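Here is the structure we will look at.
Within every chain, numbering begins at 1; the chains are lettered A, B, ... in the order of the sequence lines, protein sequences first and strands thereafter. Just so it is clear, the structure is predicted and the values come from calculations on it, not from any experiment.
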There are 4 protein chains.
Amino acid sequence: MSADPQVPLRADARRNRDQIIAAARTIFAEFGPEVPMEEIARAAGVGVGTLYRRFPDREALIRAVAVDNFSRVLEDAREAAEQEPTAWCALVRLLHQSVELHLSVQLAMLSKKAHEILKEDPVIARLREELLVELEAMVQGAQDEGTLRPDVAEGDVAMLFALLLRQLESRSPEIARMSTERSIAIMIDGLQARPGTPLPGRPLGRRDIN
Amino acid sequence: MSADPQVPLRADARRNRDQIIAAARTIFAEFGPEVPMEEIARAAGVGVGTLYRRFPDREALIRAVAVDNFSRVLEDAREAAEQEPTAWCALVRLLHQSVELHLSVQLAMLSKKAHEILKEDPVIARLREELLVELEAMVQGAQDEGTLRPDVAEGDVAMLFALLLRQLESRSPEIARMSTERSIAIMIDGLQARPGTPLPGRPLGRRDIN
Amino acid sequence: MSADPQVPLRADARRNRDQIIAAARTIFAEFGPEVPMEEIARAAGVGVGTLYRRFPDREALIRAVAVDNFSRVLEDAREAAEQEPTAWCALVRLLHQSVELHLSVQLAMLSKKAHEILKEDPVIARLREELLVELEAMVQGAQDEGTLRPDVAEGDVAMLFALLLRQLESRSPEIARMSTERSIAIMIDGLQARPGTPLPGRPLGRRDIN
Amino acid sequence: MSADPQVPLRADARRNRDQIIAAARTIFAEFGPEVPMEEIARAAGVGVGTLYRRFPDREALIRAVAVDNFSRVLEDAREAAEQEPTAWCALVRLLHQSVELHLSVQLAMLSKKAHEILKEDPVIARLREELLVELEAMVQGAQDEGTLRPDVAEGDVAMLFALLLRQLESRSPEIARMSTERSIAIMIDGLQARPGTPLPGRPLGRRDIN
DNA sequence: AATGAATGAGAGTTCATTCAT
DNA sequence: GATGAATGAACTCTCATTCAT
């Protein structure tokens with residue numbers, strides 16, 4: 001799911017646009033948001049000129065990729081909420097799915113510059129907000145169920161979520177995968193409602209996390 | 001604690017070197033490892049020429065900062081192991097200290113390029129190894145104490161540790177701080193020996209994590 | 001005559017490329033192969049960026065100029081061989097033409113670095129070889145005619161030729177010209193088959209001169 | 001023989017100065033007059049500071065080396081004139097000795113910049129003039145002897161001489177040596193008084209060659 | 001007086017963006 | 001509309017020269 005096309009593009013232009021975003025997602029994820037534009041154009045199989053016709057500058061492209069990414073996560077969150085029997089299960093599923101997503105979303109915080117850019121964007125802000133609303137519902141629901149410790153809020157969960165999106169480089173893909181899964185499991189265990197260490201501070205809501 | 005000076009530098013040169021590393025640590029942490037060298041030089045209060053006299057190129061500087069960083073963490077780890085009454089306490093302390101360290105170490109995995117550079121460096125490899133040895137001892141000790149869940153190994157802990165070093169940008173410093181502390185607490189809770197979800201895969205040792 | 005374009009360049013690109021080589025030939029000849037690239041770009045009427053798009057670095061440009069130069073000399077040699085009635089005349093003509101060429105070829109041995117670069121290049125090696133083959137034929141022919149002293153080989157002639165390409169700087173152009181012409185005449189006199197001092201060593205063939 | 005020391009230097013300073021000039025001669029000859037000053041200092045076994053104390057800048061060093069070089073050639077010329085039985089022999093000896101000198105003198109015309117520098121220097125001008133006076137005497141003498149063709153002057157000889165100082169790079173030292181010797185012999189043959197091609201232009205005197 | 005550290009101007013090179021084809 | 005060539009600003013790195021030790 002991508003952004004709002006004012007005027008529906010011609011079929012081929014549309015295809016170009018999608019190819020560029022797909023290429024950019026991959027390349028940004030692998031090399032960071034500073035890769036030469038030409039690289040992205042090449043990966044998308046178009047000339048730089050075409051890229052620039054579609055996205056007036058790098059910022060616009062970064063935004064478009066981020067919108068695309070957030071849209072996907074939001075979709076996943078809604079699906080999880082709808083399909084899972086309990087809020088806790090939805091939360092767990094979402095955390096686990098983050099592994100699938102990390103490539104696409106890590107962009108969001110990959111560099112200070114990228115962050116600045118996205119912080120301003122109203123479309124992104126809206127998607128983000130919607131996502132946090134979903135999360136809040138899950139958190140609330142799971143706490144009502146008694147499955148989630150009561151001293152956390154959606155901001156805490158978003159934080160853990162975000163941590164995971166920062167994948168570590170290198171190492172064999174299987175180990176990378178396993179280590180992420182284990183970290184998630186540990187975190188989930190830490191999230192479970194049980195007598196444990198009381199958390200410092202106060203629950204972080206979605207207003208708290210920027 | 002910095003790197004090994006073959007020939008003891010002249011006093012002023014030494015001072016400059018240290019200032020440069022300190023400045024680079026801060027600036028790299030804030031803007032990533034691609035900041036203009038001039039920026040770093042300015043922050044260190046020296047000319048670019050001096051920077052380049054000390055570190056033949058960006059790579060060398062990145063390496064030096066990383067060595068400095070790892071040395072600090074290692075030192076902290078040893079101190080924690082020595083001063084804390086139990087291995088569990090040492091582990092907890094180290095995790096919490098990671099907050100102090102994140103600025104300094106996040107560099108280690110901040111960009112693909114930086115990672116490539118550090119991966120090759122034998123000095124870094126040694127420091128890393130020593131750090132993992134410390135961690136292994138703590139993990140082992142805490143598991144013997146019955147305070148740490150038995151199905152994790154030092155690689156798992158290193159992974160959680162590493163996740164935390166990837167600080168998220170922006171947001172007010174107090175919230176950033178609190179959110180990190182809370183994430184740590186959640187993770188620690190998740191690490192505690194208690195009946196919980198069995199972890200997937202197998203304990204990750206230090207050979208597993210690259 | 002320039003190098004082999006794999007893919008035929010767009011008309012404007014082609015034009016730029018040629019202008020750059022022409023400008024580089026002149027400027028290299030006048031100021032040596034270390035002139036600022038910007039100088040060359042300016043002389044060619046393009047931006048540095050264009051220069052670098054066409055020639056990835058200085059080496060590539062030096063190579064291209066050398067190829068262009070050698071091609072010209074080779075062409076001249078073949079023309080001389082074909083058009084002149086005797087091998088001796090062809091040789092004499094070539095030596096005299098070297099005056100025209102010196103600007104273009106002196107680059108070949110203008111600096112240690114330039115020499116290193118060209119030594120490796122297979123295209124240059126081939127052109128050079130072809131040129132020496134022509135020279136060998138002339139030398140052989142002129143010796144058969146009895147006009148060229150028998151104790152020299154193509155390497156000796158190439159050496160004299162090369163000496164002349166090293167034009168001396170400064171002084172008025174007319175004098176420079178005259179002095180070169182006179183030196184050539186003296187050398188030609190020295191080359192003529194006549195009882196004279198036997199030469200030291202042995203005839204130098206094209207294998208001898210690197 | 002080196003330049004005129006206003007105030008006789010202290011023994012060690014003197015030694016330093018000589019070492020620097022010797023080192024510079026070699027290094028300039030091998031790498032051209034643009035080598036880093038530090039390189040020269042290192043080769044001379046002193047710090048850059050010392051080099052700069054002795055020679056305020058690169059120009060001064062180039063000048064000093066040139067003066068040293070010219071002094072040697074002049075000395076050789078005078079020795080040849082004095083020791084050889086005929087002017088022709090002296091001329092021939094000088095040409096052959098040029099082989100020894102080329103390393104040291106080629107500097108004189110190695111780059112446009114170097115040439116500019118030396119052109120202005122009055123000390124060099126004087127040495128040069130003295131050398132040409134010697135040459136003129138030899139030329140005159142040899143023409144009187146009937147051994148040198150009458151249609152040349154000292155400028156012509158200086159020109160041939162200068163050509164030889166431009167050594168070609170690379171190739172085995174023995175071949176380099178032999179090829180130079182052969183070129184000299186060919187030129188000498190061309191210079192001998194014999195019915196040959198009349199030279200173009202007019203004899204070049206020492207006023208003609210810059 | 002000697003040394004080598006510091007400086008900063010300048011050269012090489014890259015790449016975002018514009019624009020002719 | 002698409003393409004890829006041209007541009008020039010920005011960044012990395014080098015080195016002549018100055019100056020503290």
Side-chain angles (χ1 to χ4, degrees), chain A residues 9-10 12-13 16 34-42 44-61, chain B residues 7 9-17 20 34-42 44-61, chain C residues 7 9-17 20 34-42 44-61, chain D residues 9-10 12-13 16 34-42 44-61:
Chain A
L9 293 166
R10 243 172 54 185
D12 58 341
N16 270 345
E34 329 249 60
V35 272
M37 293 296 261
E38 190 126 16
E39 211 79 344
I40 297 168
R42 179 165 32 259
V46 302
V48 249
T50 306
L51 198 167
Y52 271 91
R53 163 175 293 273
R54 250 1 117 203
F55 305 96
D57 55 18
R58 177 184 295 276
E59 281 201 21
L61 179 57
Chain B
V7 180
L9 293 167
R10 232 168 63 181
D12 56 343
R14 175 80 215 172
R15 190 163 46 256
N16 271 341
R17 200 195 125 92
I20 291 170
E34 329 249 60
V35 270
M37 293 295 261
E38 189 125 17
E39 212 78 346
I40 297 168
R42 178 166 31 261
V46 303
V48 245
T50 304
L51 198 167
Y52 274 94
R53 163 181 279 271
R54 228 34 89 193
F55 306 95
D57 55 18
R58 179 183 294 278
E59 280 201 20
L61 180 56
Chain C
V7 181
L9 292 168
R10 232 167 65 180
D12 57 342
R14 176 79 215 175
R15 190 163 44 257
N16 272 341
R17 199 195 127 91
I20 291 170
E34 328 249 62
V35 271
M37 294 294 260
E38 189 125 18
E39 212 78 345
I40 297 168
R42 179 166 30 260
V46 302
V48 247
T50 304
L51 199 167
Y52 273 94
R53 163 180 279 270
R54 226 35 86 195
F55 306 96
D57 56 17
R58 179 182 295 277
E59 280 202 21
L61 180 57
Chain D
L9 294 164
R10 244 173 51 187
D12 57 342
N16 269 345
E34 329 249 58
V35 273
M37 293 296 261
E38 191 126 14
E39 211 78 346
I40 297 167
R42 176 162 38 257
V46 303
V48 250
T50 306
L51 197 166
Y52 272 90
R53 163 175 292 274
R54 254 352 123 207
F55 306 95
D57 55 17
R58 176 183 296 275
E59 281 201 19
L61 179 56

Please state how far atom CD1 in B:Ile20 lies from atom P in E:dA5, giving the value in whole angstrom units. 12 Å

Secondary-structure string, 5' to 3', Watson-Crick or G-U under 3.5 Å, | for another-strand partners, for DNA chain F: .||||||||||||||||||||

Nearest 0.5 Å, what's the CG-CZ distance between C:Leu51 and C:Arg17? 11.0 Å

In whole angstroms, how far is the P atom of F:dC11 from the CZ atom of B:Arg42? 10 Å

B:Leu61/B:Met37 under side chain to side chain contact (heavy atoms under 4.5 Å, CB included): CA gap, chis, key distance, verdict: CA-CA 10 Å; B:Leu61 180 56; B:Met37 293 295 261; 4.2 Å; yes

Separation of F:dG4 atom P from C:Arg15 atom CZ, nearest Å, is 19 Å

Contact string for nucleotides 6-12 of chain E, one letter per nucleotide 5' to 3', B = base within protein heavy-atom range under 4.0 Å, S = sugar-phosphate only, - = neither, reads BBB---S

To the nearest 0.5 Å, how far apart are CD1 in D:Ile40 and CZ in D:Phe55? 10.0 Å

Between C1' of F:dC13 and CG of B:Leu61, the distance in whole Å: 14 Å

Keeping the roles fixed (side chain from C:Arg58, backbone from C:Val35), state whether a donor-acceptor pair exists under 3.5 Å. yes

If I take atom CD from residue A:Glu39 and atom CD from residue A:Glu34, how far apart are they, to the nearest 0.5 angstrom? 13.5 Å

Under the side-chain contact (heavy atoms from CB on, under 4.5 Å) test, which residues partner A:Arg53, sequence neighbours left out? none

